[in-house]
Amino acid sequence: MKPSSFDVIVWGARGTLPGSGPAQTAYGTETCCVEMRIDGHRLVFDAGTGIVPLGRLLAAECVPSVDLFFSHVHYDHIMGFPFFMPLYRPGTRISVSLGHMLDHQPAGELIADFMRAPFLPIGPKVFSADIDYRTFRPGDVLRPGPGIRIGTARLNHPNGAVGYRVEHAGRVVSYVTDTEHVPGQTDEAVLSLFRDADLVFYDTSYTEAEMAKFKNYGHSSWQEGVRLAKLAGVRQLVLFHHANMRDDEALAQIEAEAQAMFPGAVAGYTGMTFSLAPALAETRVRSGG
């Protein structure tokens with residue numbers, strides 16, 4: 001029997017805006033997009049600008065099907081979607097799952113509303129792939145393939161957001177971005193997504209000192225990510241959704257401070273790759289290196 005595989009690739013780790021200028025390149029310039037490859041299944045979480053180069057790779061490999069899951073559809077998480085090449089390949093099967101909508105707008109309608117004039121010259125009707133739009137409720141369990149279980153939970157974010165817990169062959173990867181914690185309180189929904197995970201992506205846009213300034217923006221701090229990781233028994237924490245004002249030097253400093261408190265912490269960057277089968281091992285991959 002072929003051994004089970006579970007690989008995770010970061011295609012974009014920034015939030016709000018893509019990186020700009022030479023001081024914002026070490027961690028990549030792309031906004032949120034994480035790919036999970038599980039026994040031949042390609043799962044994609046969010047469609048920030050990082051999904052554009054991912055789409056080129058999937059098209060070149062003639063990948064027959066892709067499952068895309070949105071945490072929510074604020075611009076930095078969806079701006080790359082109209083430029084995802086598999087959408088334009090006849091015969092490709094793509095599922096698009098959304099569950100954050102507080103107004104209960106169906107997934108297909110929301111995508112069409114995003115891709116309309118005068119903001120874009122084309123709408124979803126231009127797509128050639130076989131697309132299945134799926135609307136779920138936070139708390140639902142999703143099963144995109146044999147042996148793959150995805151738990152979901154509502155996050156604290158303006159207009160709503162969803163966190164994901166992907167389980168396969170005894171391994172757990174959680175994708176929890178765009179959520180705001182309440183100082184001094186533990187978000188039990190987030191903690192349930194974190195519990196005993198091998199790998200967690202968490203919204204660490206701010207520092208604790210910045211939280212009061214950015215109250216109600218819908219984001220958390222790296223200190224809260226470390227606290228939750230320790231509480232939940234997480235093995236590795238990826239600092240994610242980097243604030244747009246943060247340059248490479250500042251991110252490196254935050255990473256060092258986080259590692260001093262929790263050795264399993266690492267700042268996410270484009271090209272970061274993890275393999276969780278048969279055991280968790282991280283391989284850092286940078287352009288040209």
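Note that this is a predicted model, so its numbers are computed, not measured.
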Do [X] and [Y] have side-chain N/O donor and acceptor atoms under 3.5 Å apart?
{"X": "Asp67", "Y": "Ser95", "result": "yes"}
{"X": "Gln253", "Y": "Glu257", "result": "yes"}
{"X": "Trp11", "Y": "Glu35", "result": "yes"}
{"X": "Asp178", "Y": "His77", "result": "yes"}
{"X": "Thr179", "Y": "Asn156", "result": "no"}

Kindly say whether [Y] contributes a backbone atom to a donor-acceptor pair with the side chain of [X] at under 3.5 angstrom?
{"X": "Asp203", "Y": "His241", "result": "no"}
{"X": "Arg37", "Y": "Phe6", "result": "no"}
{"X": "Tyr75", "Y": "Leu17", "result": "no"}

Quiz item: According to the interplanar angle, ranging from 0 to 90°, do the rings of Phe201 and Phe274 count as parallel (below 30°), tilted (30 to 60°) or perpendicular (above 60°)?
Solution: perpendicular
Quiz item: Going through the checks in order, is the ring-ring contact (aromatic ring centres under 6.0 Å, His included) test met by Phe69 and Phe45?
Solution: CA-CA 5 Å; Phe69 305 88; Phe45 293 83; 5.1 Å; yes
Quiz item: Between Ser220 and Tyr202, is a side-chain hydrogen bond (donor to acceptor under 3.5 Å, both in side chains) present by the stated rule, with each step listed?
Solution: CA-CA 8 Å; Ser220 192; Tyr202 185 67; 2.7 Å; yes
Practice problem: Test salt bridge (Lys or Arg N to Asp or Glu O under 4.0 Å) on Arg14 and Asp248 and set out the steps. | Solution: CA-CA 11 Å; Arg14 293 191 176 274; Asp248 295 334; 3.6 Å; yes
Quiz item: Looking at CG of Asp46 and NE2 of His74, how far apart are the two atoms once the value is rounded to the nearest 0.5 Å?
Solution: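 If we round to the nearest 0.5 Å, Asp46:CG and His74:NE2 are 11.5 Å apart.
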Quiz prompt | Spatial distance of atom CH2 (Trp222) from atom CG (Leu251) [nearest 0.5 Å] | solution =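 Here the interatomic distance stands at 12.5 Å.
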Practice problem: Let me see the working for Phe114 and Phe81 under ring-ring contact (aromatic ring centres under 6.0 Å, His included), right down to the final yes or no. | Solution: CA-CA 10 Å; Phe114 169 68; Phe81 181 78; 7.6 Å; no
Exercise. Report the residues that fulfil side chain to side chain donor-acceptor pair (under 3.5 Å) with Asp113, sequence neighbours left out, ordered by chain and then residue number.
Key: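 Listed in chain order: Arg116.
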Practice problem: Let me know which of Leu58, Val52, Leu54 forms a side-chain contact (heavy atoms from CB on, under 4.5 Å) with Arg56. | Solution: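 Single pass found, and it is Val52.
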